[in-house]
Q: 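Dumping the structure here so I can ask a few things about it.
Throughout, a chain's letter reflects where its sequence line sits, starting with A, and its residues are numbered from 1.
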There are 2 protein chains.
Amino acid sequence: MRKIKITGCGNAIPEQKITFGDQTRYRLSEGKTLLDIADKAIENALEDAGIEISDIDCIIGGIATPLQAIPCNAALIHERIAKGMDIPAMDINTSCTSFVSALDMAAYMTDSGRYNNILIVSGDTASAALNPNQKESYELFSDAVSAFIVSRCEEECGIIYSAQRTWSEGAHDTEIRGGCGLMSVFKFNENNKEDYYFDMKGPKVLKLSAKKLPGFLDDCLKEAGVTMNDIDKVVPHQASKALKVIMPRLGISEDKYIDHVNEYGNMISAAIPFTLCNAIHDNEIVKGNTVMLLGTAAGLTSNVLILKY
Amino acid sequence: MRKIKITGCGNAIPEQKITFGDQTRYRLSEGKTLLDIADKAIENALEDAGIEISDIDCIIGGIATPLQAIPCNAALIHERIAKGMDIPAMDINTSCTSFVSALDMAAYMTDSGRYNNILIVSGDTASAALNPNQKESYELFSDAVSAFIVSRCEEECGIIYSAQRTWSEGAHDTEIRGGCGLMSVFKFNENNKEDYYFDMKGPKVLKLSAKKLPGFLDDCLKEAGVTMNDIDKVVPHQASKALKVIMPRLGISEDKYIDHVNEYGNMISAAIPFTLCNAIHDNEIVKGNTVMLLGTAAGLTSNVLILKY
């Protein structure tokens, strides 16, 4: 077990609440940025952990989308909460599962004794690139930030198992083609406008996930030497309403996983930690529980991480 | 020592060579993308290592700038070289020093036995955002890719010491303000055009670096228990011609560090690995050497990594 302890977490959502039928979503208001709600999430996490920013010795942005093309997201977060300090800031990105990858990497650093307290910040500005003409994605996503403090520990808690796979035949099923290195801002015009919006081919993602995930999860359980019965709670990426379709196919019963899609939508990289943090604060997950974080991400990537909380 | 072995490396530059006085730079031609030269760099690295892509069990994009806002860079590289395979793909980003951070993290994964062969790809499309009105940066950067294969090993080679610091008072001294989450493509207009270009405040970066680096490097050497005499070769980030000013201030003599700024310019995240790979192939660095990778990055971040090659 790579030892790491969740010592605190905090969430933040924008004030602007919108609904599509029975679905609730949160979007940043004009003039507000993700960094404004990141401040709040981090403040909540530090308070929850009972520590100060000066106790943090590494900041990881476990974020899917860039706030700026340069510098990295973690440096911009650093500026908001740790200006004048010399805490290292780094991004770890596997799209929607970036928090899982960040936690996975953080555990090497706490376990080895390199760092005592690492701040992981996850969250994306979905609203910056949603296409009003693509109803399926326009009505799905929310802006949000979730922040976790993870720490070096002596107790029996940490990562029991983790694995990732990427199947790039799905690389263009969830993407924003324009705006960065491959198709610069300066090539934008009225004819290629759609290339600069978020584009999701939902049925293709679902089909590829349904094909790849069962085998991947089986392999993970075998390698970890556990069965689904040993898992107390599964926190899946809140990808879409299709969660209800995918989870049974993976042998995960309704009472075992958390589904907040109706209440919050898909919060991209914040989805897993936001749901995990709520579950911890609601005592749905308690000390000693074995928790599985599980998700698909643009790529198509999937991460599985089994944690002794 | 976290054991990791460099088993192969390869570089690639675009065909388009331009000169500014005695300075040579390389830029992608219209219609070509960074992925086209990434293919070549990776092919070279695999050949150098004497392995196939099927021997790789993790792909890390140690890249400063996004090719697309979604998915991550490593997934897009995966698509070019490993489509149909399930190799995990992840980005690690500390801007210009991303390769150093990627190598640092990779060493946890080879040392722990998680992966046998990791492919690290670094490189950026500087030319996508250079501002023709900002001579200092317009004439400095090159597009390039460097690829490394790093492997699990039993020999006495690996990371002796590594550290990072971020001083976010410099967060806006090297940046691209527009195009991503904080200022979307859709806000672009003729009046704020400059915000979508790369913007470097050279003298400010130099001043902050000169203030922070000497103390940081001293701390690193002390913590690592070595002196500059123990270091055979320093591979610094090829930030600018100011390398000649900064290196002596750090107590690094001219014969100890490699300066390729005149020949290649600043290749952003490719700068350190590109220079390291050339030094390995030119036998400037040989087995058993103690090598220091050292650089500043947008953030302002600095990384120091001491490697037994």
Side-chain angles (χ1 to χ4, degrees), chain A residues 33-35 59 64-72 74-76 78-79 82-84 86-95 101 105 108-109 112 124-125 128-129 163-169 171 174-186 188 196 198 212 216 297-299 301, chain B residues 33-35 59 64-72 74-76 78-79 82-84 86-95 101 105 108-109 112 124-125 128-129 163-169 171 174-186 188 196 198 212 216 297-299 301:
Chain A
T33 77
L34 198 75
L35 291 170
I59 299 169
T65 54
L67 291 164
Q68 297 190 177
I70 292 181
C72 71
L76 295 167
H78 188 298
E79 189 193 11
K83 202 171 173 178
D86 63 3
I87 307 170
M90 171 171 62
D91 282 357
I92 292 177
N93 180 350
T94 55
S95 298
S101 299
M105 291 298 109
Y108 286 108
M109 298 189 279
S112 68
D124 294 274
T125 318
Q164 186 194 329
R165 287 190 190 166
T166 299
W167 304 282
S168 60
E169 53 266 49
T174 313
E175 67 173 342
I176 302 176
R177 287 178 290 282
C180 297
L182 291 186
M183 189 189 289
S184 90
V185 175
F186 305 104
F188 177 88
Y196 292 78
F198 178 79
K212 297 293 190 182
F216 176 41
T301 279
Chain B
T33 76
L34 198 75
L35 291 170
I59 299 169
T65 54
L67 291 163
Q68 296 190 179
I70 291 180
C72 70
L76 295 168
H78 188 298
E79 189 193 12
K83 201 170 173 177
D86 63 3
I87 307 170
M90 171 170 65
D91 283 355
I92 292 179
N93 180 351
T94 54
S95 299
S101 300
M105 291 298 108
Y108 286 108
M109 299 189 278
S112 68
D124 294 274
T125 318
Q164 186 195 329
R165 289 191 189 165
T166 299
W167 304 282
S168 61
E169 53 267 47
T174 313
E175 67 172 342
I176 302 175
R177 287 178 290 280
C180 297
L182 291 187
M183 189 189 290
S184 91
V185 176
F186 305 104
F188 177 88
Y196 292 77
F198 177 79
K212 297 292 190 183
F216 176 40
T301 277

Q: Gly179(A), Ala128(A), Pro66(A): which one forms the most heavy-atom pairs within less than 4.5 Å of chain B?
A: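 That would be Pro66(A).
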Q: Contact part of Ser101(B) toward chain A, heavy-atom cut-off under 4.5 Å: side chain, backbone, both or neither?
A: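 The side chain, not the backbone.
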Q: Below 4.5 Å, heavy-atom pairs only: which of Lys212(B), Met105(B), Met183(B) has the largest tally toward chain A?
A: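 Sorted descending by pairs with chain A, the first entry is Met105(B).
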Q: Does any heavy atom of chain B fall under 4.5 Å from the side chain of Ala297(A), the backbone, both, or neither of them?
A: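 Neither; nothing under 4.5 Å.
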Q: Rounded to the nearest 0.5 Å, what separation is found between the CD atom of Gln164(B) and the CG atom of Asp86(A)?
A: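 CG of Asp86(A) is found 10.5 Å from CD of Gln164(B).
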Q: Considering all heavy atoms of both residues, which atom of Lys83(A) and which atom of Glu79(A) are nearest to each other, and what is their separation?
A: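 Heavy-atom minimum between the residues: CB-O, 3.4 Å.
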Q: Identify the two heavy atoms, one from Thr174(A) and one from Pro71(B), that lie closest to each other, and give their separation to 0.1 Å.
A: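 Smallest heavy-atom distance, with atoms named: O-CD, 3.9 Å.
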Q: Picking from Ala75(A), Pro88(A), Cys72(A), which has the most non-hydrogen pairs under 4.5 angstrom with chain B?
A: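 The candidate making the most pairs under 4.5 Å is Pro88(A).
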Q: Shorter than 4.5 Å, heavy atoms on both sides: which option in Ala171(A), Ala64(A), Ala129(A), Gly178(A) has the most such pairs with chain B?
A: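 So the answer, after comparing Ala171(A), Ala64(A), Ala129(A), Gly178(A), is Ala171(A).
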Q: Identify which part of Ala74(B) has an atom lying under 4.5 Å from any heavy atom of chain A, answering side chain, backbone, both or neither.
A: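 Looking at Ala74(B), nothing touches chain A.
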Q: For Phe188(B), is it the side chain, the backbone, both, or neither that has a heavy atom closer than 4.5 Å to a heavy atom of chain A?
A: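 Contact with chain A: side chain only.
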Q: With side chains defined as the heavy atoms from C-beta onward, is the minimum distance between Thr65(A) and Thr125(A) less than 4.5 Å?
A: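 Not touching, per the 4.5 Å side-chain cut-off.
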Q: Counting heavy-atom pairs under 4.5 Å with chain A, which one of Gly84(B), Ala89(B), Ala163(B) comes out on top?
A: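 Sorted descending by pairs with chain A, the first entry is Ala89(B).
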Q: Nearest heavy-atom pair of Ser168(A) and His78(B): which atoms, and what distance?
A: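 Where Ser168(A) meets His78(B) most closely, the heavy atoms are OG-ND1, 2.7 Å.
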Q: Is chain A contacted by the side chain of Phe186(B), its backbone, both, or neither, given a heavy-atom distance below 4.5 Å?
A: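 Answer is side chain: those atoms of Phe186(B) sit under 4.5 Å from chain A.
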Q: Among Ala298(A), Ser95(A), Ala69(A), single out the residue with the greatest number of heavy-atom pairs under 4.5 Å to chain B.
A: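 That would be Ala69(A).
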Q: Need one label for Phe216(B): side chain, backbone, both or neither, based on atoms under 4.5 Å from any heavy atom in chain A.
A: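 It is neither, since no heavy atom gets under 4.5 Å.
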Q: Search all heavy atoms of Tyr196(A) against all heavy atoms of Ser184(A) and return the closest pair with its distance.
A: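 The pair with the smallest heavy-atom distance is OH-O, 2.7 Å.
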Q: Does any heavy atom of chain A fall under 4.5 Å from the side chain of Ala82(B), the backbone, both, or neither of them?
A: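 Backbone only.
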Q: Output the distance between atom CG (Asn93(A)) and atom CE (Met90(B)), rounded to the nearest 0.5 Å.
A: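 Atom-to-atom, Asn93(A):CG and Met90(B):CE are 10.0 Å apart.
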Q: Where on Ile87(B) is there a heavy atom nearer than 4.5 Å to chain A: the side chain, the backbone, both, or neither?
A: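 Contact with chain A is through the backbone of Ile87(B) alone.
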Q: If we define contacts as heavy-atom pairs under 4.5 Å, which of Ile92(B), Ile176(B), Leu34(B) has the most with chain A?
A: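 Highest number of pairs under 4.5 Å: Ile176(B).
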Q: Relative to chain A, which of Thr301(B), Thr94(B), Asp91(B) shows the most heavy atom pairs under 4.5 Å?
A: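 Looking at each of Thr301(B), Thr94(B), Asp91(B) in turn, Asp91(B) comes out on top.
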Q: Could you look at Thr166(B) and say if it's the side chain, the backbone, both or neither that has a heavy atom under 4.5 Å from chain A?
A: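 Contact with chain A is through both the backbone and side chain of Thr166(B).
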